[in-house]
> 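Please read through the structure below; I'll follow up with questions.
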Amino acid sequence: MKYMNKTIEELHELLVKGEVTSDELVKESLELSHKVQEECNAFVTIMDDTKGGEVTDNLLSGIPYGIKDNYSLKGVLSTGSSNTLKDYVPFFTATAVENLQKAGAVAVNKTAMDEFGMGGTGTTAHTGIQKNPWDHTRMCAGSSSGSAAAVAAGVYPYALGSDTGDSIRKPAAYCGIVGYKPTYGMISRYGLFAFASSLDHCGCLTRSVRDAAIVVDAMKGIDVNDMTSWDSSKINLLESCTGDVKGKKVCYIKEICDRDRYKNSSEETKEHIENFYKTIDKLKELGVEVEEVSVDEALLKAQASVYVVISCAEATSNMSNLTGIIFGPRGEGDNYIDMMKDHRTKGFSPLIKRRFVIGSYVLQKENQERYLKNAQRVRRLLVDRWKEIFKDYDAVILPVGSGPAKHLDGSLDIVDDNASYLEEHLQIGNFGGFPSITIPNGFINGLPVGINITGNCYDDANVLNIAYALESTMEYKGQIAKEVK
């Protein structure tokens, strides 16, 4: 009997009743890990010597899961999918992972990702490309590509991700699963490899909203090692998933969802928009009031540039410690400067080096006012606009991306400038630190697409409950990618 296609609560019940053991679950998960590795290249490390854990009252106890490779795990290779850390074994464990260990969760692998989280394709890991389990010619998106592929393929019910621009939520959409990043600071970032510290969020990928609530309930908590973390002990996400949303108010952004904007777009994009409006009708049937609001298009046009400037500046600063002197493979040279140059030139992919060039440029004193500070000002304008929206509405609901997963070679994809807002709007959730969740929203040409719900800071319980209620009207909870059934 297969078990890894079940929910966390179903697995817990089986464990408590003694119908399956934790060792059996771990064995199945490891076997599936190797199968999915062959097909999708989803992992950096598979921990074949993992044993089952003790089963307690905690829902996560004894159940396998995956850890994105930018979370430190003591004694286990943790590379961030970069050649600069290809042999790095941490001496401590990230707080979020420690919290799961305390809950009795059993890690079985480290998942591959875009190098240091800087990418949205799943194609820049030092171990190679991650393939979408629904269609191996398509990408998973990134950077949590390996985690998304593994959960979608049924390796385990959940895996950890990180999200700096959309790195949990877009892979979830492309792989037909749930991706949730909570309010900034709800989960400690201590032990997460820093990319852009003001944008980085820890989170998870699951196959149901309740599973996402269970996992984040266990991961969250204030941490003395992360001064941005906050006390969320009075928030119980699982208990908040009641499905009662009658009287809630939700909106969508006209400039992003207007059908007229996509008259000349691909058939996939047009169908994606129609799927979205069908889902809006389902929300209304649940008793949710849904309205259209307008946002200044100048702000929407600026969001992608704002993200590039701020994220690259913060990444350049955060990763200045990757010299090959303190840790990582030592570079060659006659002195330490030449050694660092050699290490960074050979160790980073072209994409990372381009981002560092941008970051260094905007951080230069003579350029800061024009680029970095202006980007910070526009970020504030975007966040303020969303905060205004949240005064009147419980959440903003929008389609994720311009359609299903893009082709890995890009040869069959239609590039549509009109769809840029669809591709970039999730970044606003990082600008403001807002709780944001993606859930499946049907299929186009046999490939999954997603819908996103974002709410105000600290209102995670409300956001998850709306997502849970909407999920209950659909048929996509718990689905496993067909190619690896």
Side-chain angles (χ1 to χ4, degrees), residues 134 141 152 166 168-180 205-210 212 241-262 265-295 389-390 393-405 419 421-423 425-426 428-429 434-455 462-479:
W134 291 93
D166 59 19
I168 287 174
R169 294 161 293 157
K170 188 173 278 187
Y174 277 12
C175 291
I177 58 175
V178 172
Y180 169 44
L205 298 103
T206 67
R207 292 191 297 271
S208 73
V209 174
R210 282 182 69 88
C241 293
T242 65
D244 181 9
V245 292
K246 195 168 290 185
K248 299 292 183 184
K249 291 184 67 176
V250 169
C251 70
Y252 60 89
I253 311 301
K254 176 184 178 181
E255 288 74 14
I256 296 176
C257 301
D258 191 348
R259 289 181 174 96
D260 290 340
R261 183 179 184 86
Y262 306 107
S265 297
S266 69
E267 291 304 313
E268 287 186 342
T269 297
K270 286 189 276 191
E271 189 174 343
H272 188 35
I273 295 297
E274 291 307 315
N275 269 5
F276 169 76
Y277 282 106
K278 290 175 184 175
T279 301
I280 292 299
D281 291 338
K282 291 179 181 177
L283 263 182
K284 292 177 180 177
E285 290 170 8
L286 289 168
V288 177
E289 186 178 341
V290 185
E291 295 178 350
E292 180 182 85
V293 301
S294 190
V295 172
I389 291 171
F390 293 138
Y393 299 95
D394 293 287
V396 175
I397 185 166
L398 293 167
V400 178
S402 57
Y421 301 163
L422 286 171
E423 296 291 350
H425 69 79
L426 293 178
I428 295 170
F434 303 131
S436 186
I437 187 168
T438 289
I439 64 173
N441 191 41
F443 290 84
I444 295 174
N445 295 330
L447 293 165
V449 291
I451 198 164
N452 179 262
I453 299 166
T454 297
N462 198 19
V463 169
L464 259 66
N465 189 39
I466 294 170
Y468 173 68
L470 187 55
E471 177 189 65
S472 69
T473 69
M474 302 178 178
E475 302 174 353
Y476 315 119
K477 183 176 74 173
Q479 61 189 6

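None of the values given here were measured: they were computed from a predicted structure.
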> Please lay out, stage by stage, how Asp281 and Thr279 fare under the test side chain to side chain donor-acceptor pair (under 3.5 Å).
CA-CA 5 Å; Asp281 291 338; Thr279 301; over 6 Å; no
> Can you name the nearest heavy-atom pair linking Ala469 to Gly243, along with the distance?
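Looking at all heavy atoms of both residues, the closest pair is CB-O, 3.7 Å.
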> So how far is it from Ile253 CD1 to Asp258 CG, rounded to the nearest 0.5 Å?
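Answer rounded to 0.5 Å: 12.5 Å.
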> Given Ser402, which partner from the list Val449, Ile273, Thr269 fulfils the side chain to side chain contact (heavy atoms under 4.5 Å, CB included) test?
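It is Thr269; the other options fail the test.
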> Test the Arg169-Tyr180 pair against the cation-pi criterion, namely NZ or CZ under 6.0 angstrom from the six-membered ring centroid and within 45° of the ring axis.
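Not flagged: Arg169 not positioned over aromatic ring of Tyr180.
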> Can you tell me how far CD of Glu271 sits from CG of Asn445, rounded to the nearest 0.5 angstrom?
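Here the interatomic distance stands at 6.5 Å.
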> Counting N and O atoms only, with roles assigned by atom type, does the side chain of Glu255 sit under 3.5 Å from a partner on the main chain of Val295, one being a donor and the other an acceptor?
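Yes; judged by distance alone, with no hydrogens or angles, the pair exists.
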> For the backbone of Val400 and the side chain of His425, can you confirm whether one donor and one acceptor N or O come within less than 3.5 Å of each other?
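Answer holds: no.
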> Check whether any side-chain N or O of Trp134 sits under 3.5 Å from a backbone N or O of Cys175 as a donor-acceptor pair, and report yes or no.
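The answer is yes, because a donor-acceptor pair under 3.5 Å joins these two groups.
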> Is there a donor in the side chain of Asn462 and an acceptor in the side chain of Asp394, or the other way round, less than 3.5 Å apart?
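Short answer, yes.
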> For side-chain contact (heavy atoms from CB on, under 4.5 Å), just list the numbers for Arg259 and Lys270, CA-CA rounded to whole Å, side-chain angles, deciding distance to a tenth of an Å, and then say yes or no.
CA-CA 8 Å; Arg259 289 181 174 96; Lys270 286 189 276 191; over 6 Å; no
> Quick one, Thr473 with Glu285, criterion side chain to side chain donor-acceptor pair (under 3.5 Å). Give me CA distance, side-chain angles, the key distance, then yes/no.
CA-CA 10 Å; Thr473 69; Glu285 290 170 8; over 6 Å; no
> Flag this pair as yes if the NZ/CZ of Lys249 is under 6.0 angstrom from the six-membered ring centre of Tyr393 and inside a 45 degree cone about the axis; otherwise no.
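The answer is yes, since Lys249 meets both limits relative to Tyr393.
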> Can you tell if the side chain of Lys284 reaches within under 4.5 Å of the side chain of Leu286, non-hydrogen atoms only?
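No; the side chains remain at least 4.5 Å from each other.
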> Roughly how far, to the nearest 0.5 Å, is CZ of Phe434 from CG of Leu426?
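Answer rounded to 0.5 Å: 13.0 Å.
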> Using side-chain contact (heavy atoms from CB on, under 4.5 Å), reason through Phe443 and Tyr476 one step at a time and then give a plain yes or no.
CA-CA 10 Å; Phe443 290 84; Tyr476 315 119; 3.8 Å; yes
> Is a side-chain N or O of His272 found less than 3.5 angstrom from the main chain of Glu267, in a donor-acceptor match?
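A pair under 3.5 Å: no.
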> Look up atom SG in Cys257 and atom OH in Tyr277, then write down how far apart they are to the nearest 0.5 Å.
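Those atoms lie 5.0 Å apart.
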> Specify the closest pair of heavy atoms between Gly403 and Tyr174, including all atoms of both residues, with the distance to one decimal.
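Nearest heavy atoms, Gly403 then Tyr174: O-CE1, 3.8 Å.
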> Salt bridge or not for Arg210 and Glu471, using N-O below 4.0 Å?
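No.
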> For the residue pair Tyr468 and Cys241, what are the closest heavy atoms and their distance?
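Residues Tyr468 and Cys241, closest heavy atoms: CE2-O, 3.4 Å.
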> Does the side chain of Thr438 come within less than 4.5 Å of Ile451's, by heavy atoms?
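No, side chains not in contact.
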> With sequence neighbours left out, what residues match Tyr421 under ring pair (Phe, Tyr, Trp, His ring centres under 6.0 Å)?
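For Tyr421 there are no ring pair (Phe, Tyr, Trp, His ring centres under 6.0 Å) partners, ignoring immediate neighbours.
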> To the nearest 0.5 angstrom, please state how far the OG1 atom of Thr206 sits from the CD1 atom of Ile439.
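Here the interatomic distance stands at 10.5 Å.
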> Taking all non-hydrogen atoms of both residues into account, name the closest pair between Ala467 and Ile453 and its distance.
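Taking every non-hydrogen atom into account, CA-CD1, 3.7 Å.
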> Between Pro399 and Leu422, is any pair of side-chain heavy atoms under 4.5 Å apart?
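Yes, side chains in contact.
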> Name all residues meeting the salt bridge (charged side-chain N to carboxylate O under 4.0 Å, His left out) criterion together with Glu289; count only those two or more places apart in sequence or in a different chain, and write none if there are none.
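Result, salt bridge (charged side-chain N to carboxylate O under 4.0 Å, His left out) vs Glu289: none returned.
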> State the CG-CD1 distance between Leu283 and Ile397, to the nearest 0.5 angstrom.
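Reported to 0.5 Å precision, the distance equals 4.5 Å.
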> Give the C-alpha distance, both sets of side-chain angles, the deciding distance and a yes or no for side-chain contact (heavy atoms from CB on, under 4.5 Å) between Val178 and Ile437.
CA-CA 7 Å; Val178 172; Ile437 187 168; 3.7 Å; yes
> Quick check: does any side chain N or O of Asn452 sit under 3.5 Å from a backbone N or O of Leu398, one acting as donor and the other as acceptor?
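Checked: no pair found.
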> For a side-chain contact (heavy atoms from CB on, under 4.5 Å) check, start with the C-alpha distance between Met474 and Asn441, then their side-chain angles and the critical distance, and finish with the verdict.
CA-CA 8 Å; Met474 302 178 178; Asn441 191 41; 3.3 Å; yes
> What are the two closest non-hydrogen atoms of Arg207 and Gln479, and how far apart are they?
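Closest pair (atom of Arg207, atom of Gln479, distance): CD-O, 3.3 Å.
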